[in-house]
Amino acid sequence: MALPKDAQADRPTPGALEPAGDERRLAGSPHAVAANAAVLALTRAARSFTLYDPANKVVRALIADFRDRFRAVLDGFGPLVLDVHPFELALGREVVYLERDRERSLAFRLFRDGVRRLAFAADASWEELLRLLQILSIRYTGVRQQEDDLVTLLRKADFEKIQVSAIEGFVPEEEQQEGRLDGDLPRGSPARYDPPPQWDLPLPPFPEATPLRYRAVAPELLERLRAEEGEDQVPRHALRAVGELLQSAGGEDLQAVLAFALEVREYLLVEQRSDLLLELVSLVRSALAGEAASAFLETWLDARTLRALVSTLGPDEAEVPPPLALLLDATPESTLDRLIDLLAEEGDGPRAPLLRRLVVRGCRHNPGAIATRRHGATGAEAAALLRLLAEVDPAKALHAALEATTADDPLTQREALRILEGAAFGPEIARGFLHLLESGHEPVRLAALPVMAARGGPRVFPALRSHVEKHVARLSAAEAEAAGQALVQASPRAAVETFGEWLRPRGGGLSGKLGKVTASPVVQRAALAGLRAVGAPEAAALVALLAEHGDAVLRPEARAALASMPRGGPRG
Amino acid sequence: MGEPRAAGPADDLSLAQDALARALGRARVGEDRALANQVRELGERLAHLLSGLLRMTRLHSPENAAFNKPVEDLQATLVQLHGLLGSVHLVAVEDQVYVNNIRIRSGDKASSMRELGAELRRHNVGGITFHVPLDGPAIRALVGALGGAPAAAEPRNGLVRTLHAAGVAGLELAGRFRFRMAGERATETADPRDVLARALAATDEAFQNLAAGRAPNPLPLRRLVAEILERDLSAEELWAEPPGEAPRYAVHQLRVAELALLVGRALGLPESVLQDLGVAALYHDCGYAAGASAPEGAGVSFEGHGAGGARLMLRQRGFHEAKTRRVLAVLQHHRDANERLRPGLFGRILRVAEDYDTLARRSGKLSPTVALALMLKWAGTRYDTVLLQILINALGAYPPGSLLKLPDGRIVRSAAPARGPDTFAQPVARCLRLADGSPAPPETPLVDLRGVAPLQLLRTLP
C-alpha cells in the first residue's frame with residue numbers, strides 16, 4: 001500500500017537521511033564505533049519510510065545496511081547493550097548516538113515513550129531485528145495508533161534475544177509533598193452513568209457441585225486452543241465479526257457495521273487476502289436488500305478492491321466464477337468504468353485480454369458506456385476503447401474508427417487502421433485510408449500504405465501515386481520504399497508504368513537523351529523498392545537503368561536487385 | 001505503488017521489504033488519522049492558549065477585555081476536546097507538555113511550553129485534568145489563580161482552595177512529574193495497589209466515556225494490562241478487595257480481566273494476544289453503557305448488552321486485530337460453549353471468568369470454592385471444559401477470598417491463586433481472626449497453609 005509521499009523520489013533528498021548535526025559519527029573504542037554505525041543504520045532505515053515507498057530500492061539498500069551493521073557489531077563484539085537517555089544512546093560509558101533534534105532523534109523517541117534500555121544478544125536473529133525495525137518505522141512515520149504505543153508494541157513483539165526495558169515515561173516527582181485535602185475540589189463531571197445494580201443477574205441455576213481437583217491439561221489441548229488465536233486466524237475472525245454483527249444489527253447500527261465491513265476490506269487488501277474479499281461482500285449482501293445492498297457495493301467495490309478481485313483470475317480464464325460475476329453485475333456502471341480504467345492501465349500487458357473480456361462482458365449492461373468514455377480519451381486509453389468498441393458494437397466501432405483517422409494520435413490511428421482493414425472497401429473506407437496516409441506520424445503512414453493497397457487495389461492507385469509525388473520532399477527512405485511496394489501491390493502494371501515515367505521522363509532534356517536519371521533519390525528509391533517486387537522484364541530494364549545511372553547511393557542496391565531478379569514473364 | 005523490483009526469486013531483503021510494507025499498511029488501516037490529527041491540533045491549541053493567557057496575566061488582570069478572545073478560544077477548544085476524549089489531561093514534564101499522552105510539538109513556540117511548565121511548577125502543579133469544559137469565568141479564575149503568587153506552604157493545596165472559593169469546579173490538579181531516569185525500575189517503585197487504583201480509574205473512565213457517546217480509547221487500558229502482565233499475577237495485592245468507593249462495575253471488569261489473564265497465561269498465549277484479552281475483558285460488559293442514551297428507564301437488557309457492546313466498540317475507527325478480537329469477545333461472552341454458533345476463545349474465557357466472579361464475589365452468597373464447584377458441573381455445556389479446568393488449576397481449591405477455619409481455630413482468607421499443583425489445596429492466606437477469635441493485627445504475616453489440615457470452608461465470618 002503506497003504511502004502518501006513523493007513516490008517519484010528515487011534518490012535520497014540531500015541530507016534527509018544522512019547524519020546531520022549531532023547525529024554524527026562518534027569516535028571511541030572499536031566497539032563504540034561499530035555500535036554507532038549500527039544505530040545510525042537503524043535510524044536511517046526506520047526514517048526512510050517517511051520519504052520512500054517501502055518497495056523503493058533506496059529502502060532496500062538501507063535495510064541491507066542495517067542488517068549488515070548490526071551483524072558486524074554483534075558478531076564482532078558480542079552482546080550490545082544500549083542505555084537510553086533523552087538524546088543519547090550509550091554503550092557503557094561511551095555515547096554511541098547523539099541527536100538533539102526531537103523530530104529526528106531515535107533516542108528521544110525511545111526515551112519519551114518509556115524505553116530505557118535495549119539489549120541485543122550476540123545471536124539476535126534477523127527476524128527479531130526486522131521486527132524491531134518494523135516497530136520503530138511505524139513510530140517514525142507518525143502513524144498514531146489508538147491501540148498501541150512504542151512500549152506496548154515492544155512488549156507484544158515478545159523478543160527472545162532483544163531485551164527491552166521500558167516503563168512509564170514520567171512519574172510523580174513530589175519533591176514537595178503536600179497533605180491530602182479534606183473535601184476535594186468538586187470534579188463537576190456530568191452525571192455518572194452506572195449499569196443497573198443487578199447487571200448480568202440473575203445467573204442461570206447451578207443446582208449441583210462437583211469436587212475440585214487439579215488436573216493437568218495435555219499440551220496438545222493447550223496448543224489447539226492457542227491456535228484459535230493464531231495470527232493467521234485474524235482474517236477469519238474479522239469476517240466472523242462482520243457476519244455476527246450483521247445478524248444483530250438494526251436501523252442506525254447498521255451503518256456502523258457496514259463501516260466496519262469497509263475497514264475489514266482495507267485489512268484484507270493490505271494482507272492480500274483477495275480470496276476472502278468475496279466472502280466478505282457475500283456476508284454483507286446476504287444481510288442487505290435492494291437499494292441498501294447496491295449502495296454498499298458502490299462504495300465497497302472501489303478500484304483497489306476490483307483490482308484485487310480481478311487478480312484472483314488467471315489471465316486465460318475464460319469464464320468469470322459465479323460469485324465474482326454476481327458482484328460485477330451488481331454495480332454495472334461503476335464497475336465497468338473501473339474495469340476500463342484497469343484496462344487502460346494494463347495497456348498491452350499480459351492481463352489485457354482478460355480485462356477486455358471482462359469489459360466486453362460488462363458492456364452487456366451498458367452498451368453505450370464505451371462510446372461515452374471515448375469522449376475526451378486520448379492515447380492508449382482511446383485506442384483500447386476503440387478496440388473494445390469493435391468487440392462490443394462493430395458498426396459503431398467502424399464509424400468511430402473513421403472519425404479517429406483524423407485524430408492526431410498515433411495509437412488511435414493505428415487502431416482505426418486495424419478496424420478499417422477488416423471492413424468492406426468502399427468510398428468511406430478509402431477516405432479513411434487517405435486520412436491515415438496524411439497522418440502526421442510516420443509509423444501510421446507506414447502501416448497504412450500496404451493495408452490501403454491490399455484493400456483498395458487499383459482503385460487507390462492514383463492516391464498512392466499522388467502521395468509520393470506530393471510529399472517527395474519529406475518522405476523518408478522507409479516510407480519511400482513502403483510507398484513503392486504499395487504501388488506494386490495496388491496495381492503492378494500501373495506501378496511499372498509510373499516508375500518508367502518517373503525514371504525516364506518524356507522530354508527529359510539532354511540527361512534524358514543520355515539516359516541519365518533525373519528523378520529525386522526518394523522517387524528512385526520508391527521505384528527500386530517497387531520494381532524489386534515486380535520482376536518483369538520491363539522492371540529489370542528500369543532496375544538496370546538505376547544500376548547504371550541512378551543515384552550513387554542506390555546504384556549498388558540496384559545492381560544487387562538486378563542480380564537477384566528472376567528472368568521471365570511479369571509477376572503479379 | 002513502488003517501483004518494480006528486478007525479477008527473480010524473493011530474497012531476504014525482498015521479504016523484509018514486503019514484511020515492512022505490510023506492517024506499515026496494517027498500522028495505517030488501524031489509524032484514525034482524522035481523529036489523531038484533530039486531537040493533536042486541539043491539544044496544541046489548548047497548551048498554547050493556556051500559556052498565552054498566563055503570560056498576559058503579567059500585564060493585565062484576567063477581567064481585562066484583552067482576555068476575551070483567548071478565553072473564548074480556550075473554552076471552545078476545551079469543549080471540542082471534551083467531546084472527543086472526555087476528561088482532558090494536560091501534563092507538563094520538565095520542558096515537555098502532553099495532552100492526553102500526546103506530546104505537544106512546540107516548534108518555534110518551545111519557550112511557551114517551557115513557560116507553561118514553569119508557571120504550573122510555581123504552584124507545585126504538574127498537571128491539570130479538566131473533567132468538564134470550563135466556562136469563561138472559570139477560565140479567568142483559573143488563569144488568575146495560576147498567575148498569582150503561590151501559597152507559601154503547600155502551594156498546590158492553596159491553589160485548590162483558591163479555585164474552590166472562586167467557584168471553579170470540574171478540574172483536578174496533579175503533582176509534579178519528572179521523566180523516569182534510566183536505571184529506575186517500575187516494579188521497585190510502584191505499589192501494586194497503585195496499579196489497581198489506576199486500572200479501576202481507567203476502566204471507569206472508559207465506561208463513562210462510552211456512556212457519554214465517545215469513541216473507545218483502548219491505549220490507556222492496554223498500558224495498564226501490559227503493566228499487570230509484567231507483575232506476578234498471583235500477587236496478593238491484585239486479588240485483595242478494592243476500596244469500597246471503587247465503582248462496582250469497574251471492579252467487576254478488572255477482576256474478570258485478572259481471571260482471564262490467569263487463564264490466558266496458563267494457556268501460553270503470546271504477549272500480544274494476552275494484552276488483547278486483558279483489554280477485551282476490561283470492556284466486556286460495556287454494552288450497558290448504551291443505556292445512558294436510552295429513553296428514561298429503558299436501560300439495556302441482559303440479552304442485548306453483548307451485541308450492544310460490540311457495536312459500541314465499532315465507534316473506534318480503523319481496523320486492528322485487537323479491535324476485532326474485542327468485538328467478538330464482547331459479542332460472545334455470554335454464549336454457552338456448546339452452542340451451535342460456538343463462541344471464540346476469548347468469548348469462552350470471558351464466560352468462565354465472568355460467571356465465576358459473579359457467583360463468587362458479586363452474589364455474596366457463595367464461597368469461591370463452592371462457586372467453582374458449581375460451575376464444574378456445567379463443563380462441556382455452558383463452559384469450555386479445558387478452560388474451566390485451567391481456571392480451577394490456577395485458582396486452586398481455595399481461590400482468593402475463600403474463608404477457612406484452621407485446626408487451631410484461626411480464621412483466614414485465601415490471599416492468592418494457587419502456587420502450583422502440589423499446593424493446589426494449600427494456599428497462602430491472610431489471617432483475619434486469631435485462635436481466640438480476636439481480630440488479627442494488620443501486620444500479621446501471610447500464613448502458608450502447606451501441611452495444615454483439615455481446613456474448614458466457611459461461607460461468612462462468624
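In the text below, chain A, chain B and the rest are named by the order of the sequence lines, each starting its count at 1.
Not a single donor-acceptor pair under 3.5 Å links the side chain of B:Gln389 to the backbone N or O of A:Val217. A donor-acceptor pair under 3.5 Å is formed between the side chain of B:Gln17 and the backbone N or O of A:Pro54. Side-chain atoms of B:Gln275 do not come within 3.5 Å of backbone N or O of A:Arg155 as any donor-acceptor pair. B:Arg222 contributes a side-chain N or O that, together with a main-chain N or O of A:Glu147, makes up a donor-acceptor pair within less than 3.5 Å. B:Asn393 places a side-chain N or O within donor-acceptor distance of the main-chain N or O of A:Arg215, the cut-off being under 3.5 Å.
Considering every non-hydrogen atom in both B:Arg311 and A:Ser248, the closest pair reads NH1-O, 3.2 Å. Residues B:Tyr249 and A:Pro195 come closest through the heavy atom pair CD1-CG, 3.6 Å. Heavy atoms only, all atoms of each residue included: A:Gln247 and B:Leu341 are closest at OE1-CD2, 4.3 Å. For the residue pair A:Leu245 and B:Leu331, the shortest heavy atom distance occurs at N-CD2, 4.3 Å.
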| message | Set out, in order, the CA-CA distance, both residues' side-chain angles and the distance that settles side chain to side chain contact (heavy atoms under 4.5 Å, CB included) for A:His237 and B:Phe346, then state yes or no. | response | CA-CA 11 Å; A:His237 286 337; B:Phe346 277 24; over 6 Å; no
| request: Carefully, step by step, assess A:Asp158 and B:Ser272 under the rule side chain to side chain contact (heavy atoms under 4.5 Å, CB included). | output: CA-CA 8 Å; A:Asp158 228 358; B:Ser272 60; over 6 Å; no
| task | With side chain to side chain contact (heavy atoms under 4.5 Å, CB included) as the test, would you mind laying out the steps for B:Val29 and A:Leu269 before giving the verdict? | result | CA-CA 10 Å; B:Val29 298; A:Leu269 286 171; over 6 Å; no
| request: Take A:Asp148 and B:His320, measure what side chain to side chain contact (heavy atoms under 4.5 Å, CB included) needs, and give me the verdict at the end. | output: CA-CA 10 Å; A:Asp148 287 294; B:His320 197 286; 3.2 Å; yes
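A heavy-atom distance below 4.5 Å is not found between the side chains of A:Val270 and B:Phe319. Taking 4.5 Å as the limit, some side-chain heavy atom of B:Ile390 sits within range of a side-chain heavy atom of A:Leu222. Two residues are said to be in side-chain contact when any heavy atoms from C-beta on lie closer than 4.5 Å; A:Leu225 and B:Arg348 meet this criterion. Residues A:Arg67 and B:Leu13 meet the side-chain proximity criterion, which asks for heavy atoms closer than 4.5 Å. Using a 4.5 Å heavy-atom cutoff, the side chains of A:Glu208 and B:Leu374 are not in contact.
Looking at B:Thr369, both its backbone and its side chain come within 4.5 Å of chain A, counting heavy atoms on both sides. Only the side chain of B:Asp276 comes within less than 4.5 Å of a heavy atom of chain A; its backbone N, CA, C and O stay farther away. For A:Gln233, no part lies near chain B; criterion is any non-hydrogen pair under 4.5 Å. Contact annotation for B:Leu314: only side-chain heavy atoms (C-beta onward) come within less than 4.5 Å of a heavy atom of chain A. Using a 4.5 Å cut-off between heavy atoms, B:Leu267 touches chain A through backbone and side chain atoms alike. Within the 4.5 angstrom heavy-atom criterion, no atom of A:Leu262 approaches chain B. With a 4.5 angstrom heavy-atom cutoff, A:Asp200 touches chain B via backbone and side-chain atoms both.
Of the residues considered (B:Ala379, B:Gly318, B:Ala16), B:Gly318 shows the highest number of contacts with chain A, using heavy-atom pairs under 4.5 Å. Among B:Leu359, B:Leu35, B:Asn37, the residue making the largest number of heavy-atom pairs under 4.5 Å with chain A is B:Leu359. Residue with the most contacts toward chain A among B:Ala307, B:Ala289, B:Pro218, B:Pro270: B:Pro218 (heavy-atom pairs, distance under 4.5 Å). Contacts with chain A were tallied for B:Arg248, B:Arg362, B:Arg325; B:Arg362 has the most, counting heavy-atom pairs under 4.5 Å. Annotation: maximal heavy-atom pairing with chain A below 4.5 Å, among B:Thr358, B:Val300, B:Asn217, occurs at B:Thr358. Top candidate by heavy-atom pairs under 4.5 Å with chain A, chosen from B:Val225, B:Val273, B:Leu387, B:Asp204, is B:Asp204.
Relative orientation of the B:His252 and A:Trp199 rings is perpendicular, given thresholds of 30° and 60° on the angle between their planes. Between B:Trp378 and A:Phe206, the ring planes lie perpendicular to each other; the angle is over 60°, past the 30° to 60° tilted range. The aromatic rings of B:Phe424 and A:Tyr214 sit perpendicular, their planes meeting at an angle over 60°, well past the 30° parallel limit.
For the residue pair B:Ser14 and A:Arg60, a side-chain donor N or O sits within less than 3.5 Å of a side-chain acceptor on the partner. No hydrogens or angles considered: nothing links the side chains of B:Tyr288 and A:Asp194 as a donor-acceptor pair under 3.5 Å.
Heavy atoms of other residues, nucleotides or ligands lying less than 6.0 angstrom from CZ of A:Arg117 number 12 at most.
Tested against A:Glu263 for a salt bridge (charged side-chain N to carboxylate O under 4.0 Å, His left out), the candidates B:Arg26, B:Lys323, B:Arg317 yield a single pass: B:Lys323.
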